[in-house]
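Numbers here are sequence positions counted from 1. This one's a predicted model, so the numbers in the text were calculated from it and none came from an experiment. What's counted below: heavy atoms across the whole structure, side chains too, no hydrogens, waters or symmetry copies.
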Amino acid sequence: MSRIASIAATLALTAEAGYRWDGCPTDFKPMEGPLDMDRYAGKWYEIARDKWYLFEIFQMCGNYEYSTKEDGSYQVVYNRWTPQGDWSDSRADVSPSKNVDGAAICVDFDQAPDYADIPTYQVVDTDYETYSIIYQCDDKQWWGTYDSVWILSRERSMDDVKLGQLVATVAERIPSYGFFQNHLMTPQPDSCEDAPEEDIDEKLMDVDQNN
């Protein structure tokens with residue numbers, strides 16, 4: 001039995017779904033912060049994500065480019081291929097969270113006027129060089145609570161041994177999250193190399209001009 005299959009068999013008996021009725025988990029163990037944004041900057045490829053995350057349904061080739069703006073603050077461009085058959089990008093400002101301890105960042109895609117409305121993403125674990133695990137829990141919806149996990153890599157692929165280690169980290173740090181019930185592997189085929197990387201500087205410039 002492979003490492004991933006073994007972990008799956010163990011977790012399947014105890015994990016819950018991404019939708020929750022009892023608020024964000026109290027057993028979450030975040031990475032100690034703050035996050036070193038200078039080391040975290042650069043490109044990250046999405047390896048796995050939550051299949052219930054509506055913003056990313058049917059998308060593939062997802063990648064995130066973090067960089068520093070001229071004023072010293074940070075920004076990110078999220079690139080992905082959409083079912084319409086073309087590339088799309090979303091741009092946002094990034095800042096350390098004022099509401100959450102640990103390695104947490106706020107990613108403002110909508111230029112929210114109220115800081116409390118900006119989604120907070122917590123870095124569960126990263127070595128800055130090869131992998132990152134991201135967690136988000138939203139308990140502000142009237143219908144309940146929703147949480148998501150992303151596994152990112154500096155490369156477009158990740159071997160099964162490393163992925164198994166990161167899944168085990170998710171189980172340790174977020175015991176009540178059901179990775180194998182909720183995850184979806186993000187397709188990163190060879191065609192993803194056709195992403196319009198030459199336009200990345202122009203997109204990042206747009207973020208600056210909009211602030």
Side-chain angles (χ1 to χ4, degrees), residues 18 20 23-50 53 55-56 62-79 89-140 145-155 158 162-163 165-177 179 200 203-208 210-211:
R20 301 171 178 270
C24 292
T26 59
D27 57 3
F28 171 53
K29 305 178 184 67
M31 173 180 166
E32 293 185 3
L35 185 69
D36 187 334
M37 286 301 303
D38 290 330
R39 294 180 62 195
Y40 200 76
K43 178 167 284 190
W44 291 98
Y45 295 92
E46 191 176 84
I47 301 300
R49 66 177 188 259
D50 195 294
Y53 195 64
F55 183 70
E56 296 189 54
N63 64 80
Y64 306 81
E65 182 87 9
Y66 289 84
S67 65
T68 308
K69 298 196 293 185
E70 291 183 358
D71 63 2
S73 60
Y74 298 92
Q75 59 194 354
V76 63
V77 172
Y78 168 46
N79 279 292
D89 68 88
S90 298
R91 293 154 286 182
D93 292 325
V94 180
S95 60
S97 174
K98 298 178 181 177
N99 305 319
V100 180
D101 294 331
I105 56 175
C106 289
V107 182
D108 186 3
F109 283 104
D110 301 315
Q111 299 295 307
D114 186 348
Y115 200 93
D117 292 335
I118 302 174
T120 299
Y121 299 84
Q122 293 178 281
V123 179
V124 179
D125 192 23
T126 185
D127 65 353
Y128 294 98
E129 302 294 332
T130 61
Y131 73 88
S132 179
I133 305 173
I134 308 296
Y135 177 67
Q136 181 190 25
C137 186
D138 182 359
D139 59 359
K140 301 175 183 176
T145 300
Y146 179 81
D147 60 353
S148 303
V149 166
W150 292 263
I151 293 179
L152 310 179
S153 172
R154 291 295 192 183
E155 304 293 335
M158 179 177 289
K162 186 61 180 180
L163 181 58
Q165 293 171 348
L166 299 185
V167 172
T169 298
V170 172
E172 176 189 356
R173 300 286 184 89
I174 322 169
S176 58
Y177 179 81
F179 181 86
I200 192 68
K203 295 171 184 175
L204 293 174
M205 186 180 301
D206 288 342
V207 177
D208 269 331
N210 291 332
N211 288 281

What are the two closest heavy atoms between Met31 and Asp125, and how far apart are they?
-> SD-CA, 3.9 Å
With rounding to the nearest 0.5 Å, note down the distance linking OH in Tyr45 to CD in Glu65.
-> 8.5 Å
Hey, is the main chain of Tyr131 close enough, under 3.5 Å, to the side chain of Thr126 for a donor-acceptor pair?
-> yes
Between Thr68 and Gln75, what is the shortest heavy-atom contact and its length?
-> O-NE2, 4.2 Å
Ile174 and Pro25 have their tightest heavy-atom pair at CG2-CG, 4.4 Å
Using a 4.5 Å cut-off on heavy atoms from C-beta on, say whether the side chain of Val123 contacts that of Ser132.
-> yes
Separation between OG of Ser148 and OH of Tyr177, rounded to the nearest 0.5 Å | 6.0 Å
Nearest 0.5 Å please: distance from the CD1 atom of Ile47 over to the NZ atom of Lys162.
-> 12.0 Å
Got a donor-acceptor contact below 3.5 angstrom from the Arg154 side chain to the Tyr128 backbone?
-> yes
How far apart are the closest heavy atoms of Glu46 and Leu152, and which atoms are they?
-> CA-CD2, 3.7 Å
CG/Leu163 to CE/Met158 distance, rounded to the nearest 0.5 angstrom?
-> 6.5 Å
When rounded to the nearest 0.5 angstrom, what is the spacing between OG in Ser153 and CH2 in Trp44?
-> 7.5 Å
Would you check if Phe179 and Leu166 make a side-chain contact, meaning some heavy-atom pair closer than 4.5 Å?
-> no
What is the distance from atom CG of Asp127 to atom CZ of Arg39, rounded to the nearest 0.5 Å?
-> 8.0 Å
Tyr78 vs Tyr64 aromatic rings, parallel, tilted or perpendicular, using cut-offs 30° and 60°?
-> parallel
Gln136 to Thr120 - nearest heavy-atom pair and separation | CG-O, 3.4 Å
Do you know which two heavy atoms are closest between Val124 and Arg173, and how far apart they sit?
-> O-NH1, 2.5 Å
side-chain contact (heavy atoms from CB on, under 4.5 Å) evaluation trace for Asp50 with Val149 | CA-CA 6 Å; Asp50 195 294; Val149 166; 5.8 Å; no
Is the distance between the ring centroids of Tyr66 and Tyr74 under 6.0 Å?
-> no
